[in-house]
Amino acid sequence: MKKINRNTQLVSAGRKKAYTQGVVNPVVQRASTVVFDSVAELKEAAKKRGDKTLFYGRRGTTTHFALQEAIAELEGGEGCALYPSGAAAISNALLSFVKTGDHILMVDTAYEPTRDFCDKILAGLGIETTYYPPGIGAGISALIKDNTRVLFLESPGSITMEIQDVPAMVAKANERGVMTMLDNTWGNGLHYRPLEHGVDISIQAATKYIVGHSDVMMGVAVSNKKYWPTLRENSYLLGQCTSADDAYLALRGLRTMAVRLKQHEQAAIDVATWLETHPLVDHVRHPAFETCPGHEFFKRDFDGSNGLFSFVMKAGNQQAIDVFLDSLQHFKMGFSWGGYESLVTANLTMKGLRSETGWTQGPVIRLHIGLEDVADLLADLDQALAIYEQHL
Ligand SMILES: *Cc1c(COP(=O)(O)O)cnc(C)c1O
């Protein structure tokens, strides 16, 4: 059969009769104990160590297998490990491959808890982290040391949205035998598939677009063939598991991800286009716009964008930000993103973001554009920006 297209894949992946028992969706199979009828059956299951074989609840049930299979297929990997959050997926993927005395290279614009994990947990284990600027490209080779074990990327970067030149960096890492991992939460597997660009392990906070409804925490890590046995085994050893109900909801979210993303993408482009010409706005940081660092790599490597982007004000102060946030009606303040609702966060200064020295512009505001009507969102931003201006 001809290779199927992405939308079809999102609908069909992981829908085996063994998981669905003849209906459309997988059965929610909740379990701790798995019971065996014979010694031979138990031995057979033990040999497969839970790889899509029932063994023990912690190693997953058919509900989990359906989700794992679907996500591995989407990202083009050998297997997918599930974790109770995106943060757990990142920390466990790293812990599965580093030991005392190792060195890792971490992008400067990494999601803040990723950074904290390196500084607080890995540092305590005697694992050193060097932060590199997101635009370093092939220049990464100068930072690789003999004990460098992992090159960790996140593209686009958190808040400031820089797109990385992944193939150039992976090539340098490969030359020195350094494995690569990428936080692909923004790229979601539909718009960006890191393994196709040579990355070894792609990690996502499924909490965001896969779940899509702000009601489940989940993380996934998809590995290529080389690293899958170690990732799977070490995730078991670290005791990682998720509930069958959450796996069911994540898979249900995945089925409609393409159509939701299409709406998020267009609405965000409309809002960013409007913001770009607003007199208070310096520039937008949306990977699909030329003003975003690494836009050329976005055009080369990505199949689309989504609802999450930032914009930079020309000027501002804390009071102006506070009244702006308080006066928004449709944009709610809160962490996370990827659900159907619009969200807003603001950073007064980018001094905390180490990637860009000489940052002279004003505050950075990050929006998640939900599924509301764009006209309502623009009216909301318009009135809130007018109030912002009164406080400059
Ligand atoms: C939200 C997020 C995470 C963490 O996911 P949780 O499920 O909230 O733990 C990791 N990386 C990125 C880029 C995120 O946006």
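Keep in mind that the numbers below use all heavy atoms, side chains included, and drop hydrogens, waters and symmetry copies. In listed order, ligands and their atoms are each counted from 1. The shown structure was predicted, so the numbers you read here are calculated from the model rather than taken from an experiment.
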So that I can tick it off, tell me whether [Y] and [X] are bridged by a salt bridge, with the cut-off set at under 4.0 angstrom between side-chain N and carboxylate O.
X: Arg176; Y: Asp146; result: yes
X: Glu78; Y: Lys226; result: no
X: Glu196; Y: Arg193; result: yes
X: Lys299; Y: Glu296; result: no

In the protein, what heavy atom is nearest to [atom], and what distance, to one decimal place, separates them?
atom: atom 4 (C) of ligand 1; answer: Tyr111 CE2, 3.3 Å
atom: atom 8 (O) of ligand 1; answer: Met217 CE, 3.5 Å
atom: atom 2 (C) of ligand 1; answer: Lys208 NZ, 2.4 Å
atom: atom 12 (C) of ligand 1; answer: Asp183 OD2, 3.4 Å
atom: atom 7 (O) of ligand 1; answer: Thr207 OG1, 2.5 Å

Between Ile90 and ligand 1, which residue portion shows a heavy-atom distance shorter than 4.0 Å: side chain, backbone, both, or neither? side chain
Applying a heavy-atom cut-off of 4.0 Å, say which part of Trp337 lies close to ligand 1: side chain, backbone, both or neither. side chain
Any N/O pair Gly86/ligand 1 closer than 3.5 Å: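 Such a contact does occur with ligand 1.
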Taking distance alone, with no angle check, do Ser158 and ligand 1 share an N/O pair under 3.5 Å? no
Relative to the ring of Tyr209, is the ring of His368 parallel (under 30°), tilted (30 to 60°) or perpendicular (over 60°)? tilted
Determine the interplanar angle of the Trp186 and Phe298 rings, folded into 0 to 90°, and report it as parallel if under 30°, tilted if 30 to 60°, perpendicular if over 60°. perpendicular
Criterion salt bridge (Lys or Arg N to Asp or Glu O under 4.0 Å) on Lys47 and Glu44, from CA distance to verdict: CA-CA 5 Å; Lys47 213 161 56 190; Glu44 184 61 23; 3.4 Å; yes
Give the numbers and elements of all ligand 1 atoms closer than 4.0 Å to a heavy atom of Ala87. 4 (C), 5 (O), 6 (P), 9 (O)
Output the list of atoms in ligand 1 that are nearer than 4.0 Å to some heavy atom of Ala205, sorted by atom number. 2 (C), 3 (C), 4 (C), 5 (O), 7 (O)
Is Gln204 in contact with ligand 1, taking contact as a heavy-atom separation below 4.0 Å?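 In this structure, Gln204 fails to qualify as a contact of ligand 1 - no heavy atom is under 4.0 Å.
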Using the six-membered ring of Tyr131, assess whether NZ or CZ of Arg115 lies under 6.0 Å from its centre and within 45 degrees of the ring axis. yes
